[in-house]
> 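To start, I am sharing the structure in question, which I have written as structure tokens.
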Number of protein chains: 2
Amino acid sequence: MRTTGNVSAATLRRALRAYARVVGEEWVLANDTDRDAYQDAYALGEGREHRPAAAVAPQSLEELQAIVRIANEFRLPLWPVARGKNLGYGGAAPLLAGSVVVDLGRMKRIIEVDEKSGHCLLEPGVGFIDLHDHLREHDIRLWMSVPGNGWGSVVGNALERGIGYTPYGDHTARICGMEVLLPTGELIRTGMGAMQGSRGWQRYPYGYGPAWDQMFVQSNFGIVTKLGLWLMPEPECTMSVRVNLPQPDDIGWAIDELAELRRRNVIEHNFVFGNYLHDAAVYAQRSEWYQGPGSIPDEVSRRIIERFGIGWWSFRLALFGYTEAVAAHARVVRRALEPHLKKELEFDTWHRGEPLEKSAAPRPNVLALQIVNWFGGRGGHISFSPVMPPDGALALEQFHRMKARFEQFGLDYYTSFTMGQRHINNVNLILYNRDDAAMVDNARALFRTLVADARERGYGEYRAHLDFMQDVANTYDFNGHALDKLNARVKDLLDPHGILAPGKNGIWPRAYRGDAT
Amino acid sequence: MRTTGNVSAATLRRALRAYARVVGEEWVLANDTDRDAYQDAYALGEGREHRPAAAVAPQSLEELQAIVRIANEFRLPLWPVARGKNLGYGGAAPLLAGSVVVDLGRMKRIIEVDEKSGHCLLEPGVGFIDLHDHLREHDIRLWMSVPGNGWGSVVGNALERGIGYTPYGDHTARICGMEVLLPTGELIRTGMGAMQGSRGWQRYPYGYGPAWDQMFVQSNFGIVTKLGLWLMPEPECTMSVRVNLPQPDDIGWAIDELAELRRRNVIEHNFVFGNYLHDAAVYAQRSEWYQGPGSIPDEVSRRIIERFGIGWWSFRLALFGYTEAVAAHARVVRRALEPHLKKELEFDTWHRGEPLEKSAAPRPNVLALQIVNWFGGRGGHISFSPVMPPDGALALEQFHRMKARFEQFGLDYYTSFTMGQRHINNVNLILYNRDDAAMVDNARALFRTLVADARERGYGEYRAHLDFMQDVANTYDFNGHALDKLNARVKDLLDPHGILAPGKNGIWPRAYRGDAT
């Protein structure tokens, strides 16, 4: 376990006093309750290895710049969070115990929403709910894309490559221009924003020369202080349908048909193909159904499925656009799926002007977070999310192998396959009761096994929990970890004192690398 | 003018001998005819300021690695080109006279085409025609996107942010994974390719941590040796229509309507909204119409328009997809445009199974290059391409201002507005006769004036000819050129001897910067 052990208590106190002079005493959060508040609520165990020393919450770019200056002076690592809702991947907690969390939640200006163009410019503290309210209050006919947990930051979610379920749901792909504070204090604007007074910053994503936006995603190369994002013009019509598949092995044909619809952009959005527990864990607690040892048995699963009228698998599709085109695409979806389902799909249809609640417009909510109560006690989950080819036979194989692995470690198999345009992201949630030490150990052992399983098949994870960030980084091993070495070189150039999020996604500054690189 | 003057003739000879040991004598091209062949065929004047010392043409990654090693040893700048058809922006010529062009045209393996997934993996020397032939020969039902000039490299075009005219026409956005040789000799793979044996390299574009792909676009940070690109599955149907607009001021309403169709993805592709000369210069030479001084007069333009039955403006749209959805979108296009046009649009329709020639599938050709013969003599053009908001009033204003500028400098106004999803790229071609020194001077003066005009309005160019790369870079001035300084720092890190394309897009390695940075 690495820590910031080289920072003495006296140094920390001096740094915190310096931070207080910048943001005011009340925004330096450094007592035990504060530290608890910034720990990972879903930690595997107590999460002490990620316990921050404090948090500091600037309200402006100038305050943030001062914080970065002070961190360089004291060589004290910072861990920036937007709103700290990176649940399943570490929440607000830093990788290194003893880091100072920079809580950007107070920097929450909605700087611009351009309805005609369909873009916005946001500070990191703007939540999905804030943006949603803003659009409604000003009657702006742009639709957001919202992830499962509506609590979080729009910017933070895009920067971790989170997704939503509209044609604009690949949030990182809809980023258009950033302002970034580099660890050494320089402020840059990316893309067309590199021109003072540019009118293209949120319109054209690349700029002139190398394009930097994606270098600040899942990254510790800079702190994003403003982010441009494209929003979807309100469509004329939506049609949506939920589909339940009764049999476990339905995944084979279904993924092949759905991948084709996705590749051809008939379905224009990423969507979740989830197993029964994906639904059931929202509605119920495990103890109502089963109290025995080990994974929940298949016959209990069957009863749960029947009770809630859900499928072994289910998914929800939506179509967005002009009425006739949406209807045409609904017929394409029907032709693809109904011969397998042997029944007719029933779509919900909305037309512009009708109440939005009937539409497929996403509304931020936190219902999905109910799942952590599955086992009772202090619930938590971590996400294991390898990227695979969108192929039915491979998905079927993956499903059987993964289910067996969960059973091997006595845990309940909660899985989903998020359908991208050329890939599947197989997001598995390992649910546990944090108060059950044996279960926590099993979850940890299962995770490590899954990383190795995936690596063997050439499936890389797209994102990882703090506890496993390095394990996953280690699987990216082409040419002696050449990309990792490149990232480390750039890290040292941009952050010579190693103050910004050391270790994030496996990128360590020199001071923490030892002799390795 | 900067040159590689610090490289002596003796050093160059030794380096060329070393290159010859790597690639064989016949692939070191170092006589006057060779040097001519790698000059800019469209240069403003004789292009001596970009005359290479030689060219060297490796056949393999290993040969390329050896070339890079030798260049570092001799501190001799390299200028990699894929096929050297960057016409209008400098062709195959290097920025610095005395550089050695690395011609990657022999590295032309089509490494993979995955028909089911819809992607390919290419070496830089693969031309649009090569890939087109490969798809036809193997009856692979994937469609390419092709730029105006079909001679060029698929990889090279994507790396310069060239475009085509299908839903996959924003080529840089369809890049998915690269292999890159860094100037210091390390070989990396980006995205999921950073995992040895990854099955996600061409499927998921981001990978784990910062995503590097766009850092090697319009860049001198590395030489792209393999590039993954998504291809479009053959659609069920296409409908396409050419629309002529009779009046100059039709641009106002037209851009507003088209921008809305583009933003809502009814029209899923970038397309060119061009003025009459965009068509006429393909069919005719200027002298047939006008031999007087200065810009071609408006009444002559009128006669040309009438003779060819073209519009003052024209554009071609295509719709791709399932038959019913395409028909529905054609009706949306009609509803938007016909009330202005006061006539019915007549679409050409193709259904899968009919001869492809009837479809909107692009076929590589070089017809568009005819335009350089407009003035007679040794013709050429350079492109001035600022990015603007997609707004009719701004486009109208831009058109009038630009037309007046061309007239001020006595040149013929050739323009087009490429419609992106949130931007317009106003691509102006300044046509000239290279043998007419006064005209060349005027073209140069016009270009400089246009850069300043655009800067004043916050319109940045997306790409620039060698002669003006630095002028354009200078307009990206936010916070004291902060992004440029960041690029220079990264350049020094990755290319300490400054051997790779010094000055490309304004990025200079230390040895050439003098004391500035």
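Each chain gets a letter, A, B and so on, in the order the sequences are listed, and its residues count up from 1.
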> Checking A:D256 against chain B: side chain, backbone, both or neither under 4.5 Å from a heavy atom?
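For A:D256, side-chain heavy atoms alone lie under 4.5 Å from chain B.
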> Checking A:A327 against chain B: side chain, backbone, both or neither under 4.5 Å from a heavy atom?
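A:A327 has no heavy atom closer than 4.5 Å to chain B.
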> What part of A:E268 is in contact with chain B, defined as an atom under 4.5 angstrom from a non-hydrogen atom: side chain, backbone, both or neither?
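The answer is the side chain of A:E268.
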> What part of A:R262 gets within 4.5 angstrom of chain B, counting heavy atoms only: side chain, backbone, both, or neither?
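The answer is neither part of A:R262.
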> Please classify the contact of A:V266 with chain B as side chain, backbone, both or neither, using a heavy-atom distance under 4.5 Å.
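A:V266 touches chain B through side-chain heavy atoms alone.
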> Side chain, backbone, both or neither: which part of A:R331 has a non-hydrogen atom closer than 4.5 Å to chain B?
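The side chain, not the backbone.
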> Quick one: what part of A:F320 sits under 4.5 Å from any heavy atom of chain B, side chain, backbone, both or neither?
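A:F320 has no heavy atom closer than 4.5 Å to chain B.
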> Determine whether A:R334 and B:E324 satisfy the following criterion, salt bridge (charged side-chain N to carboxylate O under 4.0 Å, His left out), listing intermediate values before the conclusion.
CA-CA 14 Å; A:R334 285 198 157 115; B:E324 290 173 81; over 6 Å; no
> Salt-bridged, A:E234 to B:R264, with N to O below 4.0 Å?
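Result for this pair is no, no salt bridge flagged.
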> So which residue, A:A482, A:A464, A:P233, ends up with the most heavy-atom pairs under 4.5 Å with chain B?
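Of A:A482, A:A464, A:P233, A:P233 has the most heavy-atom pairs under 4.5 Å with chain B.
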> Which bit of A:T184 comes within less than 4.5 Å of chain B, counting heavy atoms only: side chain, backbone, both or neither?
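Only the side chain of A:T184 comes within 4.5 Å of chain B.
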> Check whether A:L182 gets within reach of chain B through its side chain, its backbone, both or neither, counting any heavy atom under 4.5 Å.
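Looking at A:L182, just its side chain touches chain B.
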> With B:D391 as reference, evaluate A:R199, A:R203, A:K116 under the salt bridge (charged side-chain N to carboxylate O under 4.0 Å, His left out) test and give the passing residue.
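Result for salt bridge (charged side-chain N to carboxylate O under 4.0 Å, His left out) with B:D391: A:K116.
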> With a 4.5 angstrom heavy-atom cut-off, which part of A:R161 approaches chain B: side chain, backbone, both or neither?
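For A:R161, the contact with chain B is made by the side chain alone.
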> Step by step, work out the side chain to side chain donor-acceptor pair (under 3.5 Å) result for B:D170 and A:Y206.
CA-CA 11 Å; B:D170 183 6; A:Y206 311 115; 2.9 Å; yes
> What part of A:V490 gets within 4.5 angstrom of chain B, counting heavy atoms only: side chain, backbone, both, or neither?
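Both the backbone and the side chain of A:V490 come within 4.5 Å of chain B.
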> At a heavy-atom separation under 4.5 Å, does A:K504 approach chain B through its side chain, its backbone, both, or neither?
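For A:K504, there is no contact with chain B at all, as no heavy atom is under 4.5 Å.
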> Give, as side chain, backbone, both or neither, the part of A:Y459 having an atom under 4.5 angstrom from any heavy atom of chain B.
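Both the backbone and the side chain of A:Y459 come within 4.5 Å of chain B.
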> Quick check on A:N265 against chain B: is it the side chain, the backbone, both or neither that has a heavy atom closer than 4.5 Å?
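Only the side chain of A:N265 comes within 4.5 Å of chain B.
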